[in-house]
Structure formats: C-alpha cells, structure tokens
Amino acid sequence: MSTELYCIIQAKITTDDIQSIKAQAKLIKDAAKNEVGVISYDFFINEEKRLVFIVEKYADDQAFLALMEKFM
C-alpha cells in the first residue's frame, strides 16, 4: 500500500498583479525541490480565467506537513 499523498488545489486569482503570483509560485516551487519527501510541486496559471492550479505529490503525510510548516 502506498503512503504517497497528492494534493490538487484550484484557487481564484483576485489580484490584478499576475506577475506577482507567478513570481511567488516560482519561489515556492524552487524551495519545494530541495525538500526531503517532496516528489513534485507544480503550478499552472490560467490568466484568462484568473485561476491557479497547484498539483503536489509527497512521499507521505509527514513530508507534506514539514513543507506546510515551513511556509506557515
């Protein structure tokens, strides 16, 4: 049985500063690359519909909690 944890998040972009959203997404994605237990962490931004999709994959729930604690 796999212990991998997946998160798929859809959020509405409420700011007019899309470039700021992209810059923040890159910072988080780059930081996640170096975290133990993070298998993948990707952002997809639909500027036209003003949506952001975040797709995360972790080795287990502890890896997820460790990354969330770092960004809280």
Side-chain angles (χ1 to χ4, degrees):
M1 183 166 157
S2 174
T3 60
E4 292 177 348
L5 176 71
Y6 299 82
C7 299
I8 301 172
I9 301 149
Q10 175 184 322
K12 179 86 171 145
I13 298 172
T14 59
T15 180
D16 291 330
D17 189 0
I18 299 290
Q19 294 309 313
S20 175
I21 298 290
K22 288 180 177 181
Q24 188 65 30
K26 183 179 178 343
L27 287 174
I28 296 170
K29 184 176 178 176
D30 289 347
K33 283 183 200 175
N34 299 318
E35 292 298 317
V36 174
V38 177
I39 297 170
S40 66
Y41 197 100
D42 287 304
F43 283 81
F44 304 94
I45 297 174
N46 182 324
E47 292 184 43
E48 183 179 302
K49 293 186 178 183
R50 303 184 59 78
L51 294 172
V52 60
F53 297 90
I54 307 166
V55 181
E56 309 169 36
K57 183 177 177 184
Y58 300 91
D60 56 30
D61 60 336
Q62 294 304 308
F64 168 76
L65 292 173
L67 188 65
M68 292 304 107
E69 187 172 302
K70 188 172 204 166
F71 288 106
M72 292 302 212

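The figures here come from the full heavy-atom set of this structure, side chains too, leaving out hydrogens, waters and symmetry mates.
A pairwise comparison of heavy atoms in C7 and Y58 identifies SG-CE1, 4.4 Å as the closest pair. Minimum heavy-atom separation, A63 to A59: CB-N, 4.4 Å. Among all heavy-atom pairs drawn from D61 and L5, the shortest one is CA-CD2, 4.2 Å.
Considering OG1 of T15 and CD1 of I21, their distance stands at 6.0 Å, rounded to 0.5 Å. Distance check, rounded to the nearest 0.5 Å: CD1 of I54 to CD1 of I9 gives 4.5 Å. Distance check, rounded to the nearest 0.5 Å: CD1 of I13 to NZ of K49 gives 13.0 Å.
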Check the pair V38, E56 against side chain to side chain contact (heavy atoms under 4.5 Å, CB included), reporting the backbone distance first and the verdict last. CA-CA 8 Å; V38 177; E56 309 169 36; over 6 Å; no

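Screening K29, K26, K33, K57 for a salt bridge (Lys or Arg N to Asp or Glu O under 4.0 Å) involving D42 leaves a single residue, K29.
A 6.0 Å sphere centred on CD of E69 holds no more than 12 heavy atoms belonging to other residues, nucleotides or ligands.
Put simply, L67 and L65 are part of the same group of oily side chains (I, L, V, M, F, W, Y) that touch within less than 4.5 Å, one to the next. Put simply, F43 and I18 are part of the same group of oily side chains (I, L, V, M, F, W, Y) that touch within less than 4.5 Å, one to the next. I28 is connected to I45 through a chain of hydrophobic side-chain contacts under 4.5 Å among Ile, Leu, Val, Met, Phe, Trp and Tyr, so both are in one cluster.
A salt bridge is absent between D17 and K22; no separation between the charged side-chain nitrogens and carboxylate oxygens falls under 4.0 Å.
Annotation: side chain of K12 is in contact with side chain of L51 (closest heavy-atom distance under 4.5 Å).
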